[in-house]
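Structure, as C-alpha cells:
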Amino acid sequence: MRTRLAIAAILAICVLPSAAPAQDSLEVDTELVIAVDVSRSMTMRELEIQRRGYAEALVSDEVLSAIRRGMLGRVALTYIEWAAEQRVVVDWTLVRDRADAEAFAARLTIRFDARLRRTSISGAIDFAATLFEDNGFRGIRRIIDVSGDGPNNFGRPVEKARDEALAAGLVINGLPLMTREGMGSQWHLEDLDRYYRDCVIGGPGAFVIPVLEWRHFPQAVRRKIVLELSGRQPRPARVWRAAEKNYDCLIGEKIWQDLRWDWN
C-alpha cells in the first residue's frame with residue numbers, strides 16, 4: 001500500500017489536473033474541504049493517524065463506490081491543516097477513480113509536518129470558505145469537513161464564522177476527536193460532540209460523528225466521507241445533527257482566559 005502511494009505521489013506531481021480557469025469551471029458532484037486539527041494538543045502519532053486515516057479512506061472501496069454513484073461520478077477535494085494558522089497540504093484535485101484517489105492519498109502521506117499552536121476553528125472555517133472561490137470547480141454540494149480535539153480558543157467566535165459560511169451556501173460537518181491521548185487535557189470536553197453540534201456544524205443535512213478511540217478513526221472517516229459524497233443522512237445513535245444552540249460556544253475562550261490568569 002505504502003509503495004503504491006509513494007509511486008503515485010511522484011506521478012501526481014506531473015499528471016494531476018490543475019484547477020481550470022473560473023470561466024471554465026468543471027461541474028462536480030461535491031466540492032469537499034477536509035480541514036484537520038494539528039494544534040499543539042495533538043501528538044505526532046495522532047497527526048500521522050489522521051493523515052493515514054484520510055488517505056486510506058479515500059482509496060477504500062466504499063468511498064470510490066460513493067464517487068462512482070454520483071450523478072456526475074467525480075468530486076473535487078482539498079486537504080488543509082489548521083490551528084491558529086492554516087496550511088494547504090493537498091490543493092484542489094479532481095477525483096474520478098482509484099488512480100486519482102491513490103495520487104491524492106500519496107501526496108497526503110509523502111511527509112508529515114510539525115504541529116501548530118492554539119485552536120482556531122473559526123479561522124479554519126473562514127480559510128476553508130475562501131477556497132471555493134475560483135478553484136476551477138462547481139459543485140452540486142459544497143462541504144467543509146472539520147475535525148478537531150477541542151473548542152475554539154483563538155480568533156473570532158466560531159459561531160460568527162459558521163454563520164457566514166452557511167450564508168454563503170456551504171455545509172459544515174464535524175468529526176470531534178474525543179480521545180485522551182493528546183497533551184491538552186485542560187481543553188478536553190466530555191461533550192465535545194455537543195459543542196460541535198451547537199457551535200460548529202450547520203447547513204442542510206449537517207452532522208457530527210464523534211471519535212471516542214483512535215482505533216475507530218479510520219472507520220469514522222470512511223463513513224463520514226461516504227455520507228458527504230453521497231448526500232445521504234446518517235442514522236445511528238451518537239450522531240448529532242445541527243440543532244438550535246444550547247451550548248456555551250465561548251467555552252474555549254473562557255478556558256484560555258482562566259489558564260492565563262493561572263499563569264500570571
Distance check, rounded to the nearest 0.5 Å: Ile67 atom CD1 versus Glu62 atom CD?
12.0 Å
Rounding to 0.5 Å, atoms CG (Leu227) and CG (Asn173) come to a distance of 8.5 Å
Can a donor-acceptor pair be found, under 3.5 Å and without considering hydrogens, that links the side chain of Thr130 to the backbone of Phe127?
yes
Nearest heavy-atom approach of Ser147 to Gln50 is OG-OE1, 3.6 Å
Correct closest heavy-atom pair for Ala66 and Leu229 would be CB-CB, 4.3 Å
Gap separating the CG atom of Leu77 from the CZ atom of Phe104, nearest 0.5 angstrom
5.0 Å
So CG of Leu47 and CZ of Arg45: to nearest 0.5 Å the spacing works out to 11.0 Å
Answer whether the closest heavy-atom distance between the side chains of Val171 and Pro204 falls below 4.5 Å.
yes
How close do Ser120 and Trp82 get, counting heavy atoms only, and between which atoms?
O-CE3, 3.5 Å
Kindly indicate whether the side chain of Trp214, heavy atoms from C-beta on, has any atom under 4.5 Å from the side chain of Leu177.
yes
For the residue pair Arg222 and Ser60, confirm or rule out a side-chain donor-acceptor distance under 3.5 Å.
no
Minimum heavy-atom separation for Ile251 to Pro151, with atom names?
CG2-CB, 4.1 Å
Looking at side-chain heavy atoms only, is the closest gap between Asp193 and Met178 below 4.5 Å?
yes
Pairwise side-chain contact, Val146 with Ile144, heavy-atom cut-off 4.5 Å (strictly under):
yes
Yes or no on side chain to side chain contact (heavy atoms under 4.5 Å, CB included) for Thr93 and Arg107, after CA distance, side-chain angles and deciding distance?
CA-CA 11 Å; Thr93 302; Arg107 293 173 68 186; 3.9 Å; yes
Taking the basic N atoms (NZ, or NE/NH1/NH2) and the acidic carboxylate oxygens, is any pair closer than 4.0 Å for Arg98 and Asp61?
yes
Hydrophobic clusters here meaning ILVMFWY residues chained together by side-chain heavy-atom distances under 4.5 Å, can you tell me if Leu72 and Leu32 are in one?
no
Taking the basic N atoms (NZ, or NE/NH1/NH2) and the acidic carboxylate oxygens, is any pair closer than 4.0 Å for Arg51 and Glu81?
yes
State, yes or no, whether a side-chain contact exists between Leu131 and Asp91 at a heavy-atom distance under 4.5 Å.
no
Examine distances only and state if a side-chain atom of Asp97 and a backbone atom of Asp100 form a donor-acceptor pair shorter than 3.5 Å.
yes
Is the side chain of Thr30 donor-acceptor paired with the backbone N or O of Arg141 at a distance under 3.5 Å, no angle test?
no
Supply the atom-to-atom distance Asn135 CG to Ser25 OG, rounded to the nearest 0.5 angstrom.
7.0 Å
Using ring centroids (six-membered ring only for Trp), state whether Trp92 and Phe132 fall under 6.0 Å.
yes
May I ask you to decide if Glu228's main-chain N or O and Ser230's side chain share a donor-acceptor pair within less than 3.5 Å?
no
Do Glu46 and Thr179 make a side-chain contact, defined as non-hydrogen atoms from C-beta onward lying under 4.5 Å apart?
yes
Begin with the C-alpha distance, continue with both residues' side-chain angles, and end with the deciding distance and a verdict on side chain to side chain contact (heavy atoms under 4.5 Å, CB included) for Phe207 and Arg197.
CA-CA 7 Å; Phe207 61 87; Arg197 182 195 66 177; over 6 Å; no
Nearest heavy-atom contact between Pro176 and Tyr196 is CB-CD1, 3.9 Å
Joint cluster assignment, Val88 & Ile121, ILVMFWY side-chain distance < 4.5 Å:
yes
Min side-chain heavy-atom separation Leu175-Val221 under 4.5 Å
yes
In one Ile/Leu/Val/Met/Phe/Trp/Tyr side-chain cluster, 4.5 Å: Phe217, Met44:
yes
Taking Asp145 for the side chain and Val33 for the main chain, is one N or O donor matched with an acceptor at less than 3.5 Å?
no
I'd like to know if the side chain of Asp29 reaches the main chain of Met71, judged simply by a donor and an acceptor atom lying under 3.5 Å from each other, with no hydrogens or angles considered.
yes
How many angstroms lie between SG in Cys199 and CD in Glu159, if you round to the nearest 0.5 Å?
5.5 Å
Between Tyr54 and Ile49, is there a donor-acceptor pair closer than 3.5 Å when you use the side chain of the first and the backbone of the second?
no
Does Glu102 form a side chain to side chain contact (heavy atoms under 4.5 Å, CB included) with Leu58? I'd like the steps, not just the answer.
CA-CA 8 Å; Glu102 287 183 348; Leu58 291 173; over 6 Å; no
Using salt bridge (charged side-chain N to carboxylate O under 4.0 Å, His left out) as the criterion, list what pairs up with Asp126, not counting sequence neighbours.
Arg156
If you compare all heavy atoms of Ile125 against all heavy atoms of Ala161, which two are closest, and at what distance to 0.1 Å?
CG2-O, 3.7 Å
Heavy-atom distance under 4.5 Å between the side chains of Arg52 and Thr109, does that happen here?
yes
Taking Arg138 for the side chain and Leu26 for the main chain, is one N or O donor matched with an acceptor at less than 3.5 Å?
no
Decide yes or no on side chain to side chain contact (heavy atoms under 4.5 Å, CB included) for Thr78 and Val90, but give the supporting numbers first.
CA-CA 6 Å; Thr78 183; Val90 182; 5.6 Å; no
